[in-house]
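Computed from heavy atoms alone, side chains included, the values below leave out hydrogens, waters and symmetry copies.
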Amino acid sequence: MTVLVVAAMILAVMLTTGRTVGAEQEVLGAIDSAGTRSMTVRAEAGSGVTSSVLERIAAIEGIAWAAAFSVATDATNAAFPDGTKVPLRHAYGDQFARLGVAEPSPIPGGIAWASDVALQRLGLPDRTGSITSSDGRSYSVGGRIQVPDFLQALEPVLLVPQQARGDEPISTLIVIADTPELVAPVSDAVVSVIAADDPTKVTVETSQALAALRGVIEGQLGSFSRGLVIALLSLTGALVAVLLLGLVMMRRKDFGRRRALGAGRALIVRLLILQTSLLALIGIGTGSVASAILLWTSGDPWPGGTFVLALGVLTLTTAVGAAIIPAVIASNREPIRELRVP
């Protein structure tokens, strides 16, 4: 019965809270993919914002990634000057390896990296060749870059990474915070060090609204899940305790014989706790496998290995805790009373 109770508890939690946790992870993942940690600073011509801002924001804690981009200029395939024009931007920063850019660059400021969209428009599907910008400069194409969500607004992306001197004017600054909760304070800190000559020509876009929505969703779903798990664990503990008390009453003569044969109280307590632990482990394994099959067949999201492991540990702890009082009662059975023949 202990195995069935534990397995039923695991199954109930996995099909309710586990399903909720899986859905929560999918929702939060979808929100995160929209860029809940990003902020974008757009500087118009004449704003006075330069690449030196990267040196200043480097001292701000809570920033996971940052880069600055120049004003876009037209670029075409060097072999087809009249071909499709793609916006080319100079990129300043030292974290472009995240995009797939080789570091250090063999030719600093002389190699362009493009997204799949830009490569197709340039007629360079093989990722090799050269391009020419509208100012007459030529660049070799180094390869393809991965375009994360926070750079989607720049598509088609064609970048020339180079070391910032500090005096290059920039038009876009993108900053990614470590966590969604840090978006607001990081944004305030970044704005305070932009040092624009004309602040009216600078606009700041943040994902603070998305970050707040993320926190609300996570809090609501998390509180519901915790409450349900606590209720089911309490019910499981009570049922296990009742079952073991019934077992102790049914086998009280067996415990009396063990005491008469020299078994100490501590030994009997350990035996009952060990028996309960083994039965609980069997129930946890059975319930986990059954719930995994049901979730898979129904197409519901899997809550993750961490959730399953934590649930198993909590269930085992609850079962062992519920076994302590019945085990103590069993260990206190008096041999003379239990073995007395009426």
Side-chain angles (χ1 to χ4, degrees), residues 35 38-54 65-176 194 196-198 200-205:
S38 66
M39 69 164 292
T40 302
V41 178
R42 302 189 186 279
E44 300 177 10
S47 63
V49 181
T50 65
S51 59
S52 61
V53 68
L54 292 173
W65 189 89
F69 305 91
S70 68
V71 176
T73 58
D74 291 334
T76 58
N77 189 329
F80 304 98
D82 297 328
T84 303
K85 296 178 180 180
V86 174
L88 170 70
R89 295 176 177 85
H90 293 278
Y92 308 102
D94 56 3
Q95 297 176 302
F96 294 112
R98 175 176 179 174
L99 309 181
V101 175
E103 293 185 351
S105 174
I107 310 175
I111 299 180
W113 297 78
S115 65
D116 287 330
V117 176
L119 288 170
Q120 291 296 329
R121 294 188 182 183
L122 290 168
L124 298 172
D126 295 331
R127 310 175 189 175
T128 58
S130 61
I131 59 174
T132 302
S133 63
S134 58
D135 57 8
R137 298 181 182 179
S138 296
Y139 305 93
S140 299
V141 176
R144 182 181 68 87
I145 59 174
Q146 302 171 1
V147 182
D149 294 325
F150 54 82
L151 290 182
Q152 289 292 334
L154 303 182
E155 276 280 37
V157 179
L158 181 60
L159 304 177
V160 178
Q162 62 185 61
Q163 191 68 32
R165 298 189 309 269
D167 58 351
E168 300 93 344
I170 64 172
S171 65
T172 306
L173 172 68
I174 296 179
V175 178
I176 308 300
I194 288 179
D197 295 337
D198 188 353
T200 62
K201 295 183 177 181
V202 177
T203 58
V204 180
E205 302 172 3

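- With a 4.5 Å cut-off on side-chain heavy atoms, Thr76 and Val86 do not count as touching.
- Between atom OG1 of residue Thr50 and atom CG of residue Asp197 there is a gap of 8.5 Å, rounded to the nearest 0.5 Å.
- Considering every non-hydrogen atom in both Leu154 and Arg89, the closest pair reads O-NH1, 3.4 Å.
- Atom OG1 in Thr84 sits 11.0 Å away from atom CD in Gln120 (nearest 0.5 Å).
- Using a distance-only test at 3.5 Å, with no hydrogens or angles considered, no donor-acceptor pair links the side chain of Ser130 to the main chain of Ser140.
- Note that CG of Leu122 and CG of Leu158 are 6.0 Å apart. Values are rounded to the nearest 0.5 Å.
- Going from atom CG of Asn77 over to atom CG of Leu119 covers 10.5 Å, rounded to the nearest 0.5 Å.
- Between Ala66 and Gln95, the closest heavy-atom pair is N-OE1, 3.0 Å.
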Trace of the side chain to side chain contact (heavy atoms under 4.5 Å, CB included) decision for Leu99 with Leu151: CA-CA 10 Å; Leu99 309 181; Leu151 290 182; 3.8 Å; yes
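- In this structure, Val49 and Val41 have side chains that are not in contact, with every pair of non-hydrogen atoms separated by 4.5 Å or more.
- Residues Arg144 and Asp116 meet the side-chain proximity criterion, which asks for heavy atoms closer than 4.5 Å.
- No side-chain donor-acceptor contact under 3.5 Å links Ser38 to the backbone of Ile176.
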Ring pair (Phe, Tyr, Trp, His ring centres under 6.0 Å) between Trp113 and Phe96, intermediate numbers included: CA-CA 10 Å; Trp113 297 78; Phe96 294 112; over 10 Å; no
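- Atom-to-atom distance recorded for Ser171:OG and Glu44:CD is 10.5 Å, nearest 0.5 angstrom.
- Going from atom CG of Leu124 over to atom CD1 of Ile131 covers 8.0 Å, rounded to the nearest 0.5 Å.
- Not one N or O on the side chain of Gln162 forms a donor-acceptor pair closer than 3.5 Å with the backbone of Ala91.
- When all heavy atoms are compared, the tightest approach of Ala153 to Arg42 is CB-NH2, 4.2 Å.
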Side chain to side chain donor-acceptor pair (under 3.5 Å) between Ser115 and Glu155, intermediate numbers included: CA-CA 8 Å; Ser115 65; Glu155 276 280 37; 2.8 Å; yes
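- Of the possible donor and acceptor atoms, one in the side chain of Glu168 sits under 3.5 Å from a partner among the backbone N and O of Gly166.
- Listed by chain and number, the residues in a side-chain contact (heavy atoms from CB on, under 4.5 Å) with Ala68 are Leu54, Tyr92, Ile170, Leu173 (sequence neighbours excluded).
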Chi angles and distances behind the side chain to side chain contact (heavy atoms under 4.5 Å, CB included) call for Glu205, Met39: CA-CA 6 Å; Glu205 302 172 3; Met39 69 164 292; over 6 Å; no
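- Ala118 and Ala114 get closest at one heavy-atom pair: CB-CB, 3.8 Å.
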Steps toward side chain to side chain contact (heavy atoms under 4.5 Å, CB included) verdict (Ile145, Leu159): CA-CA 9 Å; Ile145 59 174; Leu159 304 177; 4.1 Å; yes
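- The minimum heavy-atom distance linking Thr132 with Ser138 is given by the pair OG1-OG, 3.6 Å.
- Judged as a side-chain contact (heavy atoms from CB on, under 4.5 Å), and not counting sequence neighbours, the contacts of Ser133 are Thr73, Leu88, Asp135, Arg137, Tyr139.
- In this structure Ala97 satisfies the side-chain contact (heavy atoms from CB on, under 4.5 Å) test together with Glu103, sequence neighbours excluded.
- Side-chain polar atoms of Thr128 and Asp126 form no donor-acceptor pair below 3.5 angstrom.
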